[in-house]
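Note that the coordinates shown come from a computational prediction; the quantities given were computed from them, not determined experimentally.
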Amino acid sequence: MLSPSQKQDKIVRSTDLDALSCRWNCVQKGYFEDVNIDKIINSYSKYLQFCEGYTNLSAGRTYKSVFDRKLPIINRGTYLRTKSISDIIGKFINDNEKCQIVSMGVGSDTRVFKLINPNINYIELDFEETTRIKKLTIINDSELSKAVNYSGLGATVADRSQFQTLDPNLHTDNYHLIGLDLRRLSDSNIVSEFLDSKRPTLVLSECVLCYLNPGENEKILKFWTDSISNLSLLIYEPISLNDSFGQQMRENLGRRGINLLTFNHFPTLKSKFDFLKSLNFQDINVTDIASIGGYSGDELSWISAEESKRIDKLDLIDEIEEIKLLLLHYCLVYGGIGKHTNLSKKWKLST
Amino acid sequence: MLDLDETIANIKECKFVPEKDVEELCSKAIEILIEEGNIQHLDTPITMCGDIHGQLHDVLTLFQTGGQCPDTRYLFLGDFVDRGFYSVETFLLLMALKVRYPDRIYLIRGNHETRQITTVYGFYDECLRKYGSVNVWRYCCEVFDYISLGAVIGGDQGVFCIHGGLSPMINKIDQIKIINRKQEVPHEGAMCDLLWSDPEDVAGWSVSPRGAGYLFGINEVKKFNHTNNISLIARAHQLVMEGYKEMFDKQLVTVWSAPNYCYRCGNIASVLAIDDNLEREYKVFEAGTMDITSLPSKKPATDYFI
Ligand SMILES: C[S@@+](CC[C@H](N)C(=O)[O-])C[C@H]1O[C@@H](n2cnc3c(N)ncnc32)[C@H](O)[C@@H]1O
Ligand SMILES: [Mn+2]
């Protein structure tokens, strides 16, 4: 039996399958390409059954739900989230000869395989079970191994105990996949050891910090501001806006056991902005996905006319008011300290 | 033979309607709808309802708010199906009421009443899930093709009712009357525009972000109302958080009748009652405290980005 807090963590980990499903749907629809996504999905099909709180049966059911069709509104929002974050990562890499990327709660994100090169030190963090699944995907696949410069052996895992005892970490010269509860980030050296504190560093939280409480958020971000002198921070997450849509979202997600712990604490773009300010970030920029997608009528879109035309053909969005409302409740927050990336993007609120 | 009163009572309790009853209901509905013109001329008083999108429980609240049919006469402005979890029951209820009380309830077609849109937005999947085959979806789509396109209420200086809005190809309401409506809604042209367009603060006709229909502004509305001797365009099609929204010197109104749209939006809903003096009364209502945990087990998830 799982304790209440283990149950909670299991639910939080399961959100990675939702994110994966959203991306898989986008790939099917042609929003973007991802040649590696099927490898991760395949890994989940083998190993989810060995994860805490899953049976063979429940793992099978959960796995199948990855392929449930998503509504156009969800595909469009997933595309905007993925693209806007990738845009910033791309700019960051371009701006820096040698750099470092840290993805907190990376889940089944496959960006690293496309982006990594010898000039980037790439660190990925998530719960141990999640990193084990990713590790098994990598070490049993020659292309992915090559991408992250891993030349060791593969591994077979045939039962729960083999899975649970597998070392959750994978280290190569410049790739570090580390199984770690982020709430323990500052208590352990497990990350610091592989961190190059001199390099310009981009720290990512794509729908991750929202599952931690405000105190934990602060502690985690302090760890980064203390450890890294040239820091770029990028956060994507839901905001409540203190309105009835936000209220309903809290209730609906709560029914699935998902608690958004900063949702009401930082309900607006302004409150996100102020939070980063209190942590001494110098360059702070915030916007919402509705603006990024061009649904706010405010000229702050990040999507070119040509690209808009392309994606409009992929899905028929039947309801503009609704997509705007939904996307207004997701924000992108960027903070810079020291030498950081000049984003040259349009934001709703900037220092 | 179908017992209509019993069927209506059953649907209201969300009970399963056998496939053969659906088939019978659909063919009876078609017999009635086929006789109706593209534009129906209706008397006052009448109560108008906007999008309901398969939210059966909220339709029941709607009838409590506006008065039960047949005591209150109704005009539904389309988008009966998709998105909500009870599109089948919702559409069957409206059809059963139409067959039972043909001159106490009127339906006009929304942009979701098509084969293409329902395969993307839920009605098709729901039929398949509930009946194990797509027959019911086929019967209903057949009915969609016969639903009329618009209505004029109250004659001179009355109300023009349409799901979406205006079309640059239509200056006079009479032009709508000659459209061959008995078809899948086309991707362009007058019939498409009427079901897809939106009012907006724009000068002239502009491209709609929906990818079908147009955006039209105050000038188009004033010109249309003047030309056709009407005082108001009543339409649905756009989510309004307050349930209704008047625009353009009150010459156009959007009525939205799906509270907490998609069990997600947190909005309120309304119906618009027009009396014999063409006075407007908006009656607003909220989503019932339906227990979402009781939703059908294989329901499509209410989705967020998480
Ligand atoms: C919604 S998923 C997002 C995954 C990925 N960032 C993406 O956007 O596709 C949230 C991820 O954060 C991870 N996560 C949440 N809380 C965490 C914690 N305290 N420690 C480590 N990982 C955590 C979860 O395991 C999960 O993989
Ligand atoms: Mn509509």
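The number of heavy-atom neighbours closer than 6.0 Å to CE of B:Met169, taken from other residues, nucleotides and ligands shown, is 12 or below. A:Glu251 CD: more than 12 foreign heavy atoms inside a 6.0 Å radius. Atom NZ of B:Lys245 sits in a sparse spot, with 12 or fewer heavy atoms from other residues, nucleotides or ligands closer than 6.0 Å. Around CZ of A:Arg250, the count of heavy atoms belonging to other residues, nucleotides or ligands within 6.0 Å does not exceed 12. Around CD of A:Glu216, the count of heavy atoms belonging to other residues, nucleotides or ligands within 6.0 Å exceeds 12. Other residues, nucleotides and ligands place more than 12 heavy atoms under 6.0 Å from the OH atom of A:Tyr334.
When side chains are defined from C-beta on, A:Asp243 does not count as touching B:Met241, because their heavy atoms never get closer than 4.5 Å. Residues A:Ile320 and B:Arg210 form a side-chain contact, since some pair of their non-hydrogen atoms from C-beta on lies under 4.5 Å apart. You'll find the side chain of A:Leu327 reaches within 4.5 Å of the side chain of B:Phe305, heavy atoms only. Counting heavy atoms from C-beta on, the side chains of B:Asp303 and A:Leu71 never come closer than 4.5 Å. At least one side-chain heavy atom of B:Asp125 sits under 4.5 Å from a side-chain heavy atom of A:Arg69. In this structure, the side chains of B:His112 and A:Glu319 stay at 4.5 Å or more apart for every pair of heavy atoms. Side-chain atoms of A:Glu321 and B:Val240, non-hydrogen and from C-beta on, never get closer than 4.5 Å to each other. Taking 4.5 Å as the limit, every side-chain heavy atom of A:Leu316 sits out of range of all side-chain heavy atoms of B:Val120.
In this structure, A:Asp18 CG and B:Tyr304 OH are separated by 13.0 Å, a value rounded to the nearest 0.5 Å. Put simply, OG on A:Ser244 and CZ on B:Arg264 are 13.5 Å apart, with the number rounded to the nearest 0.5 Å.
A:Leu325 touches chain B through its side chain: at least one heavy atom from C-beta onward sits under 4.5 Å away, while N, CA, C and O do not. Looking at A:Ile258, only its side chain comes within 4.5 Å of chain B, counting heavy atoms on both sides. If you measure heavy-atom distances from A:Leu17 to chain B, you find no contacts under 4.5 Å at all. Only the side chain of B:Tyr261 comes within contact range of chain A, judged by heavy atoms closer than 4.5 Å. When heavy atoms are compared at a cutoff of 4.5 Å, A:Asp318 approaches chain B by way of both its backbone and its side chain. Residue B:Asp198: no heavy atom, backbone or side chain, is found under 4.5 Å from chain A. With a 4.5 angstrom heavy-atom cutoff, A:Gln247 does not touch chain B via any of its atoms. The part of A:Leu326 that comes within reach of chain B is its side chain, from C-beta onward, which places non-hydrogen atoms under 4.5 angstrom from that chain. For a residue to count as touching a neighbouring chain, one of its non-hydrogen atoms must lie under 4.5 Å from one of that chain's; by this rule A:Tyr295 does not touch chain B.
Heavy-atom pairs under 4.5 Å with chain A peak, among B:Cys265, B:Pro209, B:Gly266, at B:Cys265. Note: B:Ile306 leads B:Asp82, B:Leu239, B:Ile306 in heavy-atom pairs under 4.5 Å with chain A. In terms of heavy-atom pairs under 4.5 angstrom with chain B, the leader among A:Val208, A:Thr78, A:Asp68 is A:Thr78. Across A:Pro72, A:Cys22, A:Gly246, the residue that shares the most heavy-atom pairs under 4.5 angstrom with chain B is A:Pro72.
Remark: the A:Asn252 side chain and the B:Tyr263 side chain contain no N/O donor-acceptor pair separated by less than 3.5 Å.
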